[in-house]
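Quick caveat: nothing in here was measured; it's all calculated off a predicted structure. Lettering of chains follows the sequences in order, A, B, ..., and the numbering in each one begins at 1.
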Number of protein chains: 2
Amino acid sequence: MSGGVEWALHCCTLLSRASQPVPAVKLAEYHDVSPSYLAKQLQLMSRAGLVRSTQGNAGGYVLTRDAAAITVLDVVEAIDGVLPAFRCTEVRQRGPLATPAEQCADPCAIAKVMDSADRAWRDSLRAVTIADLVADADRQILPGAVERARAWLAS
Amino acid sequence: MSGGVEWALHCCTLLSRASQPVPAVKLAEYHDVSPSYLAKQLQLMSRAGLVRSTQGNAGGYVLTRDAAAITVLDVVEAIDGVLPAFRCTEVRQRGPLATPAEQCADPCAIAKVMDSADRAWRDSLRAVTIADLVADADRQILPGAVERARAWLAS
DNA sequence: AGCACTCGGATATATCTTATCCAAGTAGCT
DNA sequence: AGCTACTTGGATAAGATATATCCGAGTGCT
Ligand code: SF4
Ligand code: SF4
């Protein structure tokens, strides 16, 4: 999995707190990561329709919908794509004892297992929203931290 | 995920049928894949203790235990390693509003979600054994194919 | 002891991820 | 309306990982 997924999720939680547009440079500075590279992740999220960008002065990124309506899977798929990790190359149709193609209409057991595991993984990620992440973070952080973050974003 | 996982699984099903040691070259020819690269996967499986190699004339690879005692997860972890796909870099401890380290004893919600999804994925793969794959394949292939495969391996 | 055959690890190549830069575009100000 | 300052967007290098290959070490058989 791309390391950029972690950055993207952190940005989502931060954006859910800020009501004003936040530029990419500010998001990068807040998390102390490469601004140029974070910009790429934000572009991917923009294409996926998770965030909306406004250019020009006082522009930046805003979430397109409520944090409770964005799942972790949405972010992961925006960054890493939607194709499953396992890519079957139809080995059974090759070699000296190749299975004839008409016998390969149904996916074999290996493909089924991999597909099932991939689905379980995605179901797990789909069960949690950005709002859940924020709620959990609020429970752990020190009191007043949210206000300080908002003030820093506005400066 | 490594593409070699698919090859490794196919080799396991084939090895479970052959009672004699099968050399890497023969396994590669059977599946029509690169012999040099398949050798690497077999080495990884050997290190993981899934197969045992015997050198010299009439040598090759044999499964170390019954096919029912080898899970798909065993093979996947042998090839791709055991580390989870998501690698947390502790972003929350960086930047101008970094969370103090003593506040970060427990993993955050993001890390928990990723860990949970990874566990669900592994549980899915652990639930199926090589014996299950073979049984499913036997149900789909043409009658006599198993005997032909055994004969080809012996030649 | 000699020989043919096999595995094992060290070595190139290709592909993808990571990181960066500069040009196009937009909103607000004069 | 024109200008300026700011921000995004896609195109472009550097690095890391996965893929593919080769030859030497080791083993059993003759
Ligand atoms: S469908 Fe199954 S048997 Fe065919 S190549 Fe893919 S993993 Fe192998
Ligand atoms: S533990 Fe959670 S908050 Fe900390 S860096 Fe990892 S993902 Fe981010």
Name the nucleic acid region contacted by B:Gly4, choosing base, sugar-phosphate or nothing; use a 4.0 angstrom heavy-atom cut-off, strictly under. nothing
In this structure, would A:Leu63 and A:Leu14 fall into the same cluster of hydrophobic residues linked by side-chain contacts under 4.5 Å? yes
Do any N or O atoms from the side chain of A:Gln41 and from the backbone of A:Ile79 form a donor-acceptor pair under 3.5 angstrom? no
Considering only heavy side-chain atoms of B:Ser34, the closest of D:dA20, D:dG9, D:dT7 is D:dA20
When you measure from the side-chain N and O atoms of A:Ser53 to the phosphate of D:dT7, is any distance below 4.0 Å, counting only OP1 and OP2? no
Given DNA chain D, 5'-ward residue of the pair A:Ala24 and A:Lys40, judged by closest heavy atom: A:Ala24
Of B:Gln43 and A:Ala58, whose nearest nucleotide on DNA chain C comes first from the 5' end? B:Gln43
Quantified as the angle between the terminal helix axes (five pairs each), what is the overall bend of the helix from C:dA1-D:dT30 to C:dT30-D:dA1 to 10 degrees? 10°
Write down the distance between CD (B:Gln55) and P (D:dT27), rounded to a whole number of angstrom. 6 Å
Could you tell me the separation between the OH atom of A:Tyr37 and the P atom of D:dT8, rounded to a whole number of Å? 18 Å
B:Arg87 CZ to D:dT17 P: how many Å, rounded? 12 Å
B:Thr13 side-chain N/O to B:His10 backbone N/O, donor-acceptor pair under 3.5 Å: yes
Does any part of the side chain of A:Glu6, heavy atoms only, come nearer than 4.5 Å to the side chain of B:Cys88, both counted from C-beta? yes
Within a radius of less than 6.0 Å around CZ of B:Arg94, do more than 12 heavy atoms belonging to other residues, nucleotides or ligands occur? yes
Considering only heavy atoms of chain A and a distance under 4.0 Å, specify the first and last nucleotide of DNA chain C in 5' to 3' order that meet this criterion. C:dT18 to C:dA27
Does atom CZ (B:Arg65) have a neighbourhood of more than 12 heavy atoms from anything else shown, all under 6.0 Å? yes
State, yes or no, whether a side-chain contact exists between A:Cys12 and A:Val75 at a heavy-atom distance under 4.5 Å. yes
Could you state the atom-to-atom distance from CD of B:Gln20 to C1' of D:dG28 in whole Å? 16 Å
Please give, in whole Å, the distance from D:dT8 P to A:Leu44 CG? 14 Å
Do A:Leu125 and B:Phe86 share a hydrophobic cluster, counting only Ile, Leu, Val, Met, Phe, Trp and Tyr and linking them when any side-chain heavy atoms are less than 4.5 Å apart? yes
Could you tell me the separation between the OH atom of B:Tyr61 and the P atom of D:dG26, rounded to a whole number of Å? 16 Å
Check whether B:Ser155 reaches the backbone of B:Trp152 with its side chain - one donor and one acceptor, N or O, closer than 3.5 Å. yes
Between A:Trp7 and B:Arg47, just flag the one whose closest nucleotide in DNA chain C comes earlier from the 5' side. B:Arg47
